[in-house]
Protein chains: 2
Amino acid sequence: MTEHADPVTTPYRPRATLRDVAAMAGVSMKTVSRVVNGEGGVTPQKVDAVRLAISRLDYRPNVSASALRRSSRRTAAIGTVLEDLANPFSSALLRAVEDVANEKRVLILAGSVDEDQQRERALVRAFTERRVDGLIIAPVGEDQGYLRAEMEAGTPLVFVDRQPQGLLADCVLSDNEAGARDAVHRLAEAGHRRIAYLGDLAIIPTAQQRFAGYQRGLLERGLPLDPAHVVHDLHTVDDAARATTALLRSEDAPTALFASQNLVTIGAITALQDLGLEQRVALFGFDDFPMADLLKPRVSVIAQDPAAMGRAAAELLFERLDGERGRPRRILLPTTTVLRGSGEIPPGRP
Amino acid sequence: MTEHADPVTTPYRPRATLRDVAAMAGVSMKTVSRVVNGEGGVTPQKVDAVRLAISRLDYRPNVSASALRRSSRRTAAIGTVLEDLANPFSSALLRAVEDVANEKRVLILAGSVDEDQQRERALVRAFTERRVDGLIIAPVGEDQGYLRAEMEAGTPLVFVDRQPQGLLADCVLSDNEAGARDAVHRLAEAGHRRIAYLGDLAIIPTAQQRFAGYQRGLLERGLPLDPAHVVHDLHTVDDAARATTALLRSEDAPTALFASQNLVTIGAITALQDLGLEQRVALFGFDDFPMADLLKPRVSVIAQDPAAMGRAAAELLFERLDGERGRPRRILLPTTTVLRGSGEIPPGRP
DNA sequence: CGGGCGTCTGACAACCTTGTCAGGGGAGTC
DNA sequence: GACTCCCCTGACAAGGTTGTCAGACGCCCG
């Protein structure tokens, strides 16, 4: 009477194969295959015998072996290459992909690239060596041409968040430029004329687009672009906090801040709180974050919808897998402007 | 001169196989295999010929076919079954697993179960049908006995966050009870005698442990357990906010709150802010969250370390894969008490 | 010059599954 | 009773790879 399996003493029992099931049921392997795949053309008695053997042996079909032999050669798995599985943007996106894939009974291989081009290639290679049916990629490199071979081999590709370079393929993007532009407009409407830009690494395409939106917003409002109010290459909370502090202590300090990314926004808030200026300096962030409406003041943001991006990307991918052969499609998802308070603070005295 | 590959016109070029490489290089398939796997025993000229053919054909070894044939039968992939890939706890844990797996050049299949027992089983089944080398599971069901067959088939299992039922296996847990107990002690030290418990679904083992810790904390401080101050089964921010509001409006309202989980903590904060009581009612949360130290007051929490859990789980798993045959191990990770302010508010007037 | 040894190579089987095809058996037709 | 037709079943090959083994080749020894 062993209540619990004990790995020390548990006998090793190799997994049953189709052959074992066939032997136990007294039929040929093909007949077992027919039952497993619901092909029909098997007498009820044999079906029962096979079913019984399957449950007695706890048989699990070997999907790899099956995919190898099947004419479609589908593995029912897709690869997802994202920036960092631990960050809220990537993980919300991944989860949405999972939900769509789940309906199709497709599994997900996932990996993080951490802004590393090498890692992007390594992951793609590892995934294709496993013959995934398709790939969803948030590209980091400057050139995705190396993926052409994958497309030619029939593996559909969908890019998310950033456009691929040197390759035409389906992609799903946020309208970064329009979002950033709108943030600047809102700040201008509140009366600000000195709006600073706090940006992520300038090599990141989305950061470039947000910066372009910032510039366009200023231009459209007839506001000058002051180089002293532009900071690039902030990639951590601390970077952002330091840069914000420096800006606000400078001569001719800005009266409003546009933070081009999640962590930058948080850094800016940290700095504002440290300086006791959070109620005096306006702040608009790009990317929503969980606690934004519990802070004081509540934080106004340009929100992306990572789940919608993931869903859209997965749907494009599955359409390709279902045979869609049209030209590459580009889905541009609008951002949402969420006014919560911090972006509506008017300019105060110097 | 086509700058870009165009899926409309791109010719379909099936993936090259070992056979193709062998044909192009004018050697046998086995020789190609030797080169690919660095087996040696091949003359330099042939190695070069093979290398050339490989790069010309852009050959990618088929890992599934290889695993099928290899005596170790390793697929270099592990499955990770977590609560919800989008929540910060799961995603931090997953990321840590990924980092360990990455060093071993092992890929990750991931899926969410959403507290659904069926889904747990379906995912495990799907993963084992792909013959993953091992599984990391945050179990939801009341019985994991169904996994015994996997262990017997030689697939190592490591459980995280929650202990498996009906099965002895490696697991990595947070010391939930000690953490909750400590929160109660801290609140008691601040002078509170009416400390409410706001808990997640009572069927969740970790919630039970935290409740046990709460009870023990009260007992050790000689405080009464008031059933009117205990609320279970709060699973969303809204649930938690409503329950908190009701508690604080009741006769004999508590002067301190212990929120047993992330979302519950956030709901409690929302309610406190709505009632304007955030500076008067003490609050301790279980699980840290990103903005906890930007809120006012800053939120004191019992912090778990999901990354450490993921790392530990992955390490246990890889030790098993490296041949470790000892008894099941149980790693209990301590929690950290983070005092930020909200937990140190003294009891005020009614 | 036959034999032995070590190195390198390729033919072939095997892994687990599915697709093809032909054969066996029973029912129905003339 | 001979024939066709259909249904069911199993033998066999194939998918991409690796492991086994025997053979080829060059070399040295007696």
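Values below: all heavy atoms of this structure, side chains included; hydrogens, waters and symmetry mates excluded. The chains referred to below are lettered A, B, ... by the order of the sequence lines, with proteins before strands, and numbering in each begins at 1.
- Mapped onto DNA chain C by nearest heavy atom, V42(B) and V36(A) fall at different nucleotides, with V42(B) at the one closer to the 5' end.
- Closest of all the heavy-atom pairs between A96(A) and A307(A) is CB-O, 3.1 Å.
- Judged purely by distance below 3.5 Å, without hydrogens or angles, the side chains of N62(B) and R15(B) never pair a donor atom with an acceptor atom.
- For the OP1/OP2 pair of dC16(C) and a distance below 4.0 Å, the side-chain nitrogens and oxygens of Y59(A) include no atom meeting the criterion.
- Phosphate contact (OP1/OP2 of dT9(D), side-chain N/O of S28(A), threshold under 4.0 Å): absent.
- V63(B) comes within contact range of no nucleotide atom at all, as no heavy-atom separation falls under 4.0 Å.
- R131(A) places its CZ atom 14 Å from the P atom of dG15(D), with the value rounded to the nearest Å.
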Problem set entry | B/S/- contact track for nucleotides 19-26 of chain C, protein heavy atom under 4.0 Å | BB------
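- Taking CG of L94(B) as the reference point, atom CG of N87(B) lies at 11.0 Å (rounded to 0.5 Å).
- Summarising the local packing, CD of E142(B) is surrounded by 12 or fewer heavy atoms from other residues, nucleotides or ligands at distances under 6.0 Å.
- The CZ atom of R73(A) sits 13 Å away from the P atom of dA14(D) (whole-angstrom rounding).
- Rounding to the nearest 0.5 Å places CG of D133(A) at 7.5 Å from OG of S72(A).
- Between the P atom of dC16(C) and the CG atom of L57(A) lies a distance of 14 Å, rounded to the nearest Å.
- Closest to the side chain of S66(B), from the set dT18(C), dG10(C), dT18(D), is dT18(D).
- A straight line from CG of L18(A) to P of dC15(C) spans 13 Å, rounded to a whole angstrom.
- The interatomic distance linking R130(A) (CZ) with dG16(D) (P) rounds to 18 Å, in whole Å.
- With rounding to the nearest 0.5 angstrom, the CG atom of D84(B) is 4.5 Å from the CZ atom of R95(A).
- As rounded to whole Å, 16 Å separates atom P of dC16(C) from atom CD of E129(B).
- When the P atom of dC15(C) is taken as reference, atom CE of M29(A) falls 10 Å away, rounded to whole Å.
- The nearest whole Å value for the distance from the CG atom in L68(B) to the P atom in dT18(C) is 12 Å.
- For N37(B), whose side chain is taken as the heavy atoms from C-beta onward, the closest listed nucleotide among dG10(C), dT18(D), dG16(D) is dT18(D).
- Judged purely by atom type and a 3.5 angstrom limit, R130(A) has no side-chain atom pairing as donor or acceptor with the backbone of T75(A).
- Regarding contacts with the backbone of dT17(C), every side-chain N or O of S64(A) stays at 4.0 angstrom or more from both OP1 and OP2.
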